[in-house]
Structure formats: structure tokens, C-alpha cells
Protein chains: 2
Amino acid sequence: MPKFVDPAHRREVIADAVFDIVLSHGFSRVSLRAIAEETGLAIGSIRHYFTTAEGIVRFALETLVERVSSRLEERLEALLPALESGTLSSDEAKARTADFLAELLPLDGVRRRESVVWLAFEEEARTQPDLADVFETSVRGTRALMARTLENMDRRGVLRADLDLELEADSLAALIDGLTLRSTLHPDVLTPDRAKVVLSAHLEGLRG
Amino acid sequence: MPKFVDPAHRREVIADAVFDIVLSHGFSRVSLRAIAEETGLAIGSIRHYFTTAEGIVRFALETLVERVSSRLEERLEALLPALESGTLSSDEAKARTADFLAELLPLDGVRRRESVVWLAFEEEARTQPDLADVFETSVRGTRALMARTLENMDRRGVLRADLDLELEADSLAALIDGLTLRSTLHPDVLTPDRAKVVLSAHLEGLRG
DNA sequence: TCTTTTATAGCACACTCCTGCTACATCGTG
DNA sequence: CACGATGTAGCAGGAGTGTGCTATAAAAGA
């Protein structure tokens, strides 16, 4: 067996196996044996990259957060220049902003998968302090992102004048979380597409 | 040892033990042994009331749903006559409606406990079809409750005329779910009191 | 008093789990 | 060639799990 293996890639493969298991069987079914079966590796091999089972979960969560937040930042960096340039019509700018926030909704397979796993880890982190701090920063981050987005809209003068931006930030963050929760865990009751319509309508309601 | 034991009460005690364990250590720590320690009963005694471990979890969920929904109905039956009577001012009626919907937020110890356990079961139900159907009806129920509440407000003429009530029902349901999620799992980021303020403001925004 | 029902209690078995070790193969390097 | 580093593999132990089964205690009815 070869020696030239990229350890970072191996860890990612293992993290993906964790995601698959969480997705199809739930967090409680994640075990070294399940990961071994999922990846085709032997338990001993996995333990070569992670000394403890706890470490695997921890790493998987960090991987998840990193993927989501980096994709979000990517979209943000594509959005901001377009908005600042001033070449967009008001309607276009609003639609772009809505699309950006909709990035957090489970609108395709990738995001649905991430949403499911995210929720599973979020619940798990409640009683596992080791994981909790990762979410702490993340949840505050989305809250801050909402505030920034609203401030940006406000500077462009597209918001009603009577709005409490801090309040609207909490509201928007909660709405998106709720839309994600419902369309992820109960897609029959609220389809992801419907969730996006609701989000767009909410933003529309903030317009001045 | 006596024979006169109320079996229904025993089952409730066991269900409460399940809630306590979920609350303090997470769903994965629920086991016959843990329940036995929590209740002071022997495993054999518990198994006298529940043949299977799965059945305990199932019963606990049904107990939870029953408690929450019955308390909600209770409040609804107290609210409706007051609204229909027409003796309330518009502001009072709005405040009462907001209070009613806020019943779903973790504003006191009891509701916080229920919210935490609810979320834990909701996540668990995703991969456990046995539990899923219980939520199916429940989630549709809250959605329907939002629609009913909005229709009621609309009949009283306190809503803006341009609203899509079905859309607002989805929006309201998602907002409440999101507020509950955040103020339950991340109370440092969104306090329950703040969640109620956000909810009230949202309802205020629907006013015509 | 004898029998039946209800309740409590716990043993034993077959699982699954993580982890400390050890064994072995492969490759790069001295 | 030989040696150390890297990767793969798996055994064995101790802990934890649900469940079938049996044993015993107490109350109720004959």
C-alpha cells in the first residue's frame, strides 16, 4: 500500500462520510465502524488520522462551517461590488440581495445536505460544549451578516425610514432560520421554493 | 411493595425522566439504565410498563405533543371569545393575539424545557419514521393555526388589505420557529424576551 | 387459605462501542 | 541495503446497550 496519501484529503473524505451517515441515519449512528464501512477504510486506518472519535466529529463540524461560510463569503464578495457600482436598478439590486440571503436556504442538493447536517450538529452541540463554541461564532456571524445587509440596503435608500434596523436584523435572522428549519425537516409542509418566495416577500415588505 | 400504582402516572414519570435526560445530556444518552437511575426505579420495573425501549421514546413524544397542544388550545379558547365579543380595543386585541402566539416561545422555565426537548425530538424524528408522523400533524397544525389567527385578524379589519394571507401564514410560522430555535439553542444571541419583541413588531407590521 | 394479578427486581446473553496495542507493508532516505 | 517514517490492519479488553427470562413480594378475589 502506498505512502503518498494526502492527509488533508483523507480527513475530508472521513468528514464526508460523517455527513453521509448523519444524513441517512442520524447523528447517533456515527461511529468508527460506520465510518470505516462508508469509506472502505479500516478502523485502524481512520484512527491513524484521528486519535480520538470525538476529534472526528469536531473536525467534521469545522469542515462544515468552513464550507458554508466560505461559500457565503464568496457570494458576498460577488454581490457587494455590483451593489456599490450603482449600475443596477433598484429592482435588480433587491433581487440580487434576496438571492444572496437565499443562499442560506436548502434550494439544491448541496445546500439541503448541508442544512440537514447543520441542524443535526446544532442540536448535538447543545449538550457538547466542545462543539458549542463553533456555533457560537457562527450564529453571531449570521446575525451580523443580516445587520450588514440591511445597513447596506438602508444606505442605498431602499428601506422604509421607520425601521429599527437592529430589530429587523434579529427578525430576518430568525425568519431565515425558521424557513431553513421547516423546509429542511418538513419539506412537505414548506417547500424550499416556497421558502424563497416567503423570504423575497419579507424583503419586499421592508422597502420604502 | 404495593400494588396500587397508577400506571398512567408511572408512564408520565418515566416520560419526564426522558425529558430530563434529553435536556441535560442529549437524546443519545437516553437509555433504560439512565431512566432507571433518574426515576429510582429498576430496569425491570420500567419494562413492566413498556415492553420495548422504542416505545418509551414514542410515548414520551406523544406526551410532549399532547402537553404543548393542549395548553395552546386552552389559551386559544380563552382568546377567541374575548376577540369575538368586540369589547376589546384594537390595541388590546392585538396585544392579546401577540401574547397568544408568544405562547410558543421559550419565555419561562416550562416552555424553555419543552422547546429544548421538542427540537431534540424533531431532529431525531428525521431519521426515525416511527416518530416522524407525530410531527407531521403537529407542524401542519401550527401552520394552520397561523392561518386561522391571521384570518381572524383580517375579519376584524386590522390587517393591511394588500396581504397574501397564505404567504403571511408561512412567514409567521417560520418566524416563530426561527425565534424559538435561536432563543432556545442560542439564548445569548437572542434572548427569549427579545424574541417576543421581534414577534410583536412583526405583527405590528401587518397592521393596516 | 389458595390462587391470580400486579409490581418490582435482576441475571444472562448478544450486541455495539472506543481505544490501547501490536503487527505488517510500503516508501523515501541515509 | 538498511532504517525510520508513514500508512494499513486488526485483536482484545472494558464499558454500555436492549431484551428474554426468571424470581420474588404484595394485594385482591375465590
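Convention: sequence-line order gives letters A, B, ...; per-chain numbering from 1. In what follows, every heavy atom counts, from backbone to side chain, and hydrogens, waters and symmetry copies are set aside.
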Exercise. Between the side chain of B/R126 and the main-chain N/O of A/L23, is any donor-acceptor distance below 3.5 Å?
Worked result: yes
For this session: Please report the C-alpha distance between A/F50 and A/R11 in whole Å, then the side-chain angles of each, then the deciding distance to 0.1 Å, and finally whether the side-chain contact (heavy atoms from CB on, under 4.5 Å) criterion is met.
Result: CA-CA 8 Å; A/F50 295 99; A/R11 279 182 240 264; 3.4 Å; yes
For this session: Determine, for B/E122 against A/R182, whether the closest basic-nitrogen to carboxylate-oxygen distance falls under 4.0 angstrom.
Result: no
Problem set entry | Given C/dC17, C/dT8, D/dG7, the nucleotide with the shortest approach to the side chain of A/S31 | C/dC17
Seminar exercise, completed: Whole-Å distance, A/H48 NE2 to C/dT22 C1', equals 14 Å
For this session: Send over the distance from B/H25 NE2 to D/dT17 P, rounded to a whole Å.
Result: 12 Å
Exercise. Rounding to a whole Å, what distance do you find between A/L32:CG and D/dT8:P?
Worked result: 15 Å
Exercise. Is any side-chain N or O of A/R47 under 3.5 Å from a base N or O of D/dG10, one able to act as donor and the other as acceptor?
Worked result: no
For this session: Using atom CD of B/E54 as one end and atom C1' of D/dT17 as the other, report the distance to the nearest whole Å.
Result: 14 Å
Exercise. Does OP1 or OP2 of C/dT19 have a side-chain N or O of A/T52 closer than 4.0 Å?
Worked result: yes
Exercise. For A/S45 and D/dG7, is the shortest distance between a side-chain N/O and OP1 or OP2 below 4.0 Å?
Worked result: no
For this session: To the nearest Å, give me how far apart CG (A/L41) and P (D/dG7) are.
Result: 12 Å
Exercise. Between A/I43 (CD1) and C/dG20 (P), how many Å, whole number?
Worked result: 14 Å
Exercise. Do the side-chain N or O atoms of A/Y49 get closer than 4.0 angstrom to the phosphate oxygens (OP1, OP2) of D/dT6?
Worked result: no
Problem set entry | Short side-chain N/O contact to D/dT19 OP1/OP2 from B/R33, under 4.0 Å | no
For this session: Looking at every strand, decide which applies to A/R29 at a 4.0 Å heavy-atom threshold: base, sugar-phosphate, or nothing.
Result: nothing
Exercise. So does B/D170 pair up with B/R140, basic N to acidic O under 4.0 Å?
Worked result: no
For this session: Would you please confirm or rule out a distance under 4.0 Å between OP1 or OP2 of D/dT19 and any side-chain N or O of B/T51?
Result: no
Exercise. What nucleotide, of D/dG18, C/dA7, C/dT19, holds the atom closest to the side chain of B/A53?
Worked result: D/dG18
Exercise. For the rings on A/F135 and A/W118, is their centre-to-centre separation under 6.0 Å?
Worked result: yes
